[in-house]
Amino acid sequence: MEKHVQRLLNRISIAAIIAATLLLLLLSIQTPQTCFDPSDPNPKPHTRFPKSTCDFNPRAYTTVEKRNRRIWSTKAWAVAVASYASFFETLRSRNHIANHSHVLVVSAGPGHAVRALRDAGVEDVTGVELVESPPLVSRADPHNLPFFDGIFDLGLGAYLDLALFPGRYVAQIERTVRRGGVCVVAVAECGAEDVAEIVKLFRKSRFVDAESVVLSGERRTRIVMKVES
């Protein structure tokens, strides 16, 4: 009885191996439908055996200029830039920023803050993000900024609450801002106790003020710190 079962299992195994081999052979010689135009009466030889379904699939290429024109023409972009323009106008009225200021924008996203600053006449603005968005934003890790100490007059981190390591994030902004300059961070709208905890992250700066602002349609709390050492 056991020998009969063993022979049956052997036959099943052999049948499975044959079926798998035939399936692999079929897949290797069949041209994926996504790799060529079935209406083409004279397909090129290489379309018969593409290396993958994407090797010869045509893709439209959009230049950076075209992509930016599309993004910058949207209402959402205009609203976000306008919110940052108002944000920086308040900082300007308190003498935290001027046209000659050297400004660093960390976690700059697609560049709303950078555009608002440049439109306002600030000449030297550097925007960085994990994913670059040329020409406004370059690629850099906010937790390990590639800049010398004390070279900026103002450092902005509008999304501190999204940082993986808030202490390191703040320390890097603080490091790159000169003595007498200001560090500005923003988090989801919060109360005085939360603001006090955020202030503790700064090692070389004193608290200036905090207030509610609206950035890109979100209510956030803006905190200003003045670098003293």
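Numbers here simply count residues along the sequence, with the first being 1.
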Are more than 12 heavy atoms from other residues, nucleotides or ligands located less than 6.0 Å from atom CZ of Arg67? yes
Worked check of side-chain hydrogen bond (donor to acceptor under 3.5 Å, both in side chains) between Glu132 and Ser138: CA-CA 5 Å; Glu132 65 177 1; Ser138 300; 5.8 Å; no
Once salt bridge (Lys or Arg N to Asp or Glu O under 4.0 Å) is applied, do any residues pair with Glu218, and if so which ones, sequence neighbours excluded? Arg220
So, using side chain to side chain donor-acceptor pair (under 3.5 Å) as the criterion, who are the partners of Arg92 when residues are at least two apart? Asn99
Distance check, rounded to the nearest 0.5 Å: Lys204 atom NZ versus Lys226 atom NZ? 14.5 Å
Heavy-atom count check: over 12 atoms from other residues, nucleotides or ligands less than 6.0 Å from Arg94 CZ? yes
Please check if atom CD in Glu211 has more than 12 non-hydrogen atoms from other residues, nucleotides or ligands closer than 6.0 Å. yes
Taking all atoms of both residues into account, what is the closest heavy-atom pair of Phe87 and Arg222, and its distance? CE1-CG, 3.2 Å
Examine Ile97 and Val208 and state if one hydrophobic cluster contains both, with Ile, Leu, Val, Met, Phe, Trp and Tyr joined whenever side-chain heavy atoms are less than 4.5 Å apart. yes
Would a hydrophobic clustering, with Ile, Leu, Val, Met, Phe, Trp and Tyr connected at side-chain separations under 4.5 Å, put Val185 with Phe207? yes
Under the rule for side chain to side chain donor-acceptor pair (under 3.5 Å), what residues qualify as partners of Asn95, not counting sequence neighbours? none
Would a single hydrophobic cluster contain both Val187 and Leu154, if residues Ile, Leu, Val, Met, Phe, Trp and Tyr are joined by side-chain heavy-atom contacts under 4.5 Å? no
Test of understanding: with side chain to side chain donor-acceptor pair (under 3.5 Å), list the residues that count as partners of Glu174, not counting sequence neighbours. Ser205
Show me, pair by pair, the donor-acceptor contacts under 3.5 angstrom made by side chains of residues 104-128, not counting sequence neighbours?
{"from": "Ser107", "atom 1": "OG", "to": "Tyr169", "atom 2": "OH", "distance (Å)": "2.9"}
{"from": "Arg118", "atom 1": "NH2", "to": "Val125", "atom 2": "O", "distance (Å)": "3.2"}
{"from": "Asp124", "atom 1": "OD2", "to": "His102", "atom 2": "ND1", "distance (Å)": "2.6"}

Salt-bridge test for Arg178 and Asp149: reply yes if a basic N is under 4.0 Å from a carboxylate O, no otherwise. no
Applying side chain to side chain donor-acceptor pair (under 3.5 Å), can you list everything that pairs with Glu197, at least two apart in sequence or on another chain? Lys200
Enter the distance from Thr221:OG1 to Leu215:CG here, rounded to the nearest 0.5 Å. 10.5 Å
Indicate, with yes or no, if Val64 and Leu136 share a hydrophobic cluster defined by side-chain heavy-atom contacts under 4.5 Å among Ile, Leu, Val, Met, Phe, Trp and Tyr. no
